[in-house]
There are 2 protein chains.
Amino acid sequence: MNDAKEILKKSKLRPTIQRVAIVDYIIGKHKVHITAAKLIKYLKNKKINISLATIYNNLNELADKGILKKFYVNNDKMWFDTNLQDHYHFYDSEKDELIDINKNEISFSKSPKIPNGKIKESINIIINLKNKN
Amino acid sequence: MNDAKEILKKSKLRPTIQRVAIVDYIIGKHKVHITAAKLIKYLKNKKINISLATIYNNLNELADKGILKKFYVNNDKMWFDTNLQDHYHFYDSEKDELIDINKNEISFSKSPKIPNGKIKESINIIINLKNKN
DNA sequence: TAGATTATTAGAATCATTCTAAACTAAAAA
DNA sequence: TTTTTAGTTTAGAATGATTCTAATAATCTA
């Protein structure tokens, strides 16, 4: 049984052709930032029959199972990330690409006071990049 | 001439009823975080005739003129902010409200290396809040 | 293999935002 | 002032990302 099927089995998800293809893609690289649009393009290229609805269903499911992390960049679109650590991103709008910023690459010497009655749920940091000159 | 009309004149925008109402709202408070939906609700309440398209047209125009700052929070919607300083936000999803974090409330002792050939365009920091307990 | 359960899919629905093009209004020119 | 012109507002259509629906198909369990 290949790794993708293993992973799916562990998460009690049936190893359909579509799911295996998605998970294969995800585990084939170290770090992946994907959007539904990018992923369907890639899979269609590989001659996998899959619909957009299935892409969304599965990316969301994998995020629910903790295999991917789901987040948004500006207002653009939904991104999924195989990097499950706490981390932040550069966003290169030129290439529509994300670059990880590991947690240890940023540190705060001063943090804002959390409003009364609230606690911090998550922090999103996105550093938008543009080309030099 | 009232302040709203002054501001519009300076920006070479005609002081229509709709524009004056929007700018009046904006300058009536110290710090305002608005979305199109919140603003139209407020103005309709005040019996101002205005369409959603006009709200968007004008908020975008005011952002272009530097009177408002436009940004996004997660994937939700487009927000406009009267605070023109560099700053960040808490987001209270419970109330769908933003709270400013002034730049001097955060400081970095370590910042990530910007990728080659790129420069920083802007930094978005959003601290998502949830209720304590 | 049958029956139960879970997946996939095309296409419709949704929601925030933008676009279109017609009707209107303010400012400038005559 | 009227006329002209340039800028505005608007209803409703269009857009684009995502989700929903409900019919069909694939997988699993016994």
Side-chain angles (χ1 to χ4, degrees), chain A residues 1-2 4-24 33-41 43-44 46-65 67-68 70-80 91 93 96, chain B residues 1-2 4-23 33-41 43-44 46-65 67-68 70-80 91 93 96 98:
Chain A
M1 193 180 323
N2 76 16
K5 284 190 180 169
E6 277 296 349
I7 289 173
L8 288 169
K9 198 176 180 190
K10 269 188 204 139
S11 292
K12 300 192 174 33
L13 295 171
R14 291 181 178 173
T16 62
I17 292 171
Q18 292 81 359
R19 274 195 187 131
V20 171
I22 292 175
V23 176
D24 267 340
H33 299 115
I34 11 170
T35 62
K38 285 178 195 287
L39 185 54
I40 199 169
K41 199 172 162 191
L43 294 174
K44 292 284 188 194
K46 289 250 169 183
K47 308 292 179 215
I48 308 282
N49 277 322
I50 193 166
S51 72
L52 239 199
T54 300
I55 298 266
Y56 277 107
N57 286 344
N58 282 302
L59 290 177
N60 278 318
E61 256 160 5
L62 292 171
D64 289 347
K65 300 287 183 182
I67 292 165
L68 292 175
K70 173 177 170 176
F71 62 101
Y72 300 90
V73 173
N74 304 332
N75 202 44
D76 256 8
K77 37 186 118 50
M78 189 181 276
W79 287 83
F80 293 88
Y91 176 62
S93 58
D96 191 30
Chain B
M1 193 180 324
N2 76 15
K5 285 190 179 169
E6 279 296 350
I7 289 174
L8 289 169
K9 197 175 181 189
K10 269 187 204 139
S11 292
K12 300 193 175 30
L13 295 171
R14 292 182 178 173
T16 62
I17 291 171
Q18 292 80 359
R19 274 194 186 130
V20 170
I22 291 174
V23 176
H33 300 114
I34 11 170
T35 61
K38 284 178 196 287
L39 185 53
I40 200 170
K41 198 172 163 192
L43 293 174
K44 292 283 188 195
K46 288 249 167 181
K47 307 291 178 216
I48 307 283
N49 278 322
I50 193 164
S51 71
L52 239 199
T54 300
I55 297 267
Y56 277 107
N57 287 344
N58 281 303
L59 290 177
N60 279 318
E61 255 161 7
L62 293 172
D64 290 346
K65 299 288 183 182
I67 292 166
L68 291 175
K70 173 177 169 174
F71 62 101
Y72 299 90
V73 174
N74 304 330
N75 201 43
D76 255 10
K77 38 188 115 53
M78 188 181 278
W79 286 83
F80 293 88
Y91 176 62
S93 58
D96 191 30
L98 295 170

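Sequence lines set the chain letters: A, B, ... in the order given, protein chains first and strands last, and positions in each chain run from 1. Remember, predicted model here, so these are calculated numbers, not experimental data. Excluded from the calculations below are hydrogen atoms, water molecules and symmetry mates; all remaining heavy atoms, backbone and side chain alike, are included.
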Among D/dT18, C/dT8, C/dT18, the nucleotide that comes nearest once only the side chain of A/L52 is considered: D/dT18
Closest nucleotide among C/dT9, D/dT27, C/dC19 to the B/A53 side chain: C/dC19
Closest to side chain of A/M78, choosing from D/dT18, D/dC28, C/dA10: D/dT18
Reference residue B/E61; test salt bridge (Lys or Arg N to Asp or Glu O under 4.0 Å); the match among B/K70, B/R19, B/R14: B/R19
side-chain N/O A/S51 vs C/dT9 OP1/OP2, d < 4.0 Å: yes
Euclidean distance, atom CD1 of residue B/I22 to atom P of D/dT10 [Å, nearest integer]: 9 Å
Side-chain N or O of A/T16 closer than 4.0 Å to phosphate OP1/OP2 of C/dA7: no
Polar side-chain contact B/R19-D/dT8 base: donor and acceptor under 3.5 Å: no
Residue-phosphate contact under 4.0 Å: B/N57 side-chain N/O, D/dG7 OP1/OP2: no
Atom-to-atom span, CD of B/Q18 to P of C/dC24 - whole angstrom: 14 Å
Nearest-nucleotide pick for A/K70, side chain only, options being C/dT8, D/dT19, C/dT25: D/dT19
Protein-nucleotide distance (A/N49, atom CG; C/dA10, atom C1'), rounded to Å: 13 Å
Atom pair distance, as rounded to whole Å: CZ in A/R14 and P in C/dA7: 6 Å
Rounded distance (Å) that lies between atom C1' of D/dC28 and atom NZ of A/K5: 14 Å
Closest to the B/E61 side chain, choosing from C/dA27, C/dA7, D/dT8: D/dT8
Atom-pair distance (CD1 on A/I17; P on C/dT9), nearest Å: 9 Å
Between C1' of C/dC15 and NZ of A/K77, the distance in whole Å: 18 Å
Proximal nucleotide (of D/dA26, C/dT9, C/dA16) relative to the B/Y56 side chain: C/dA16
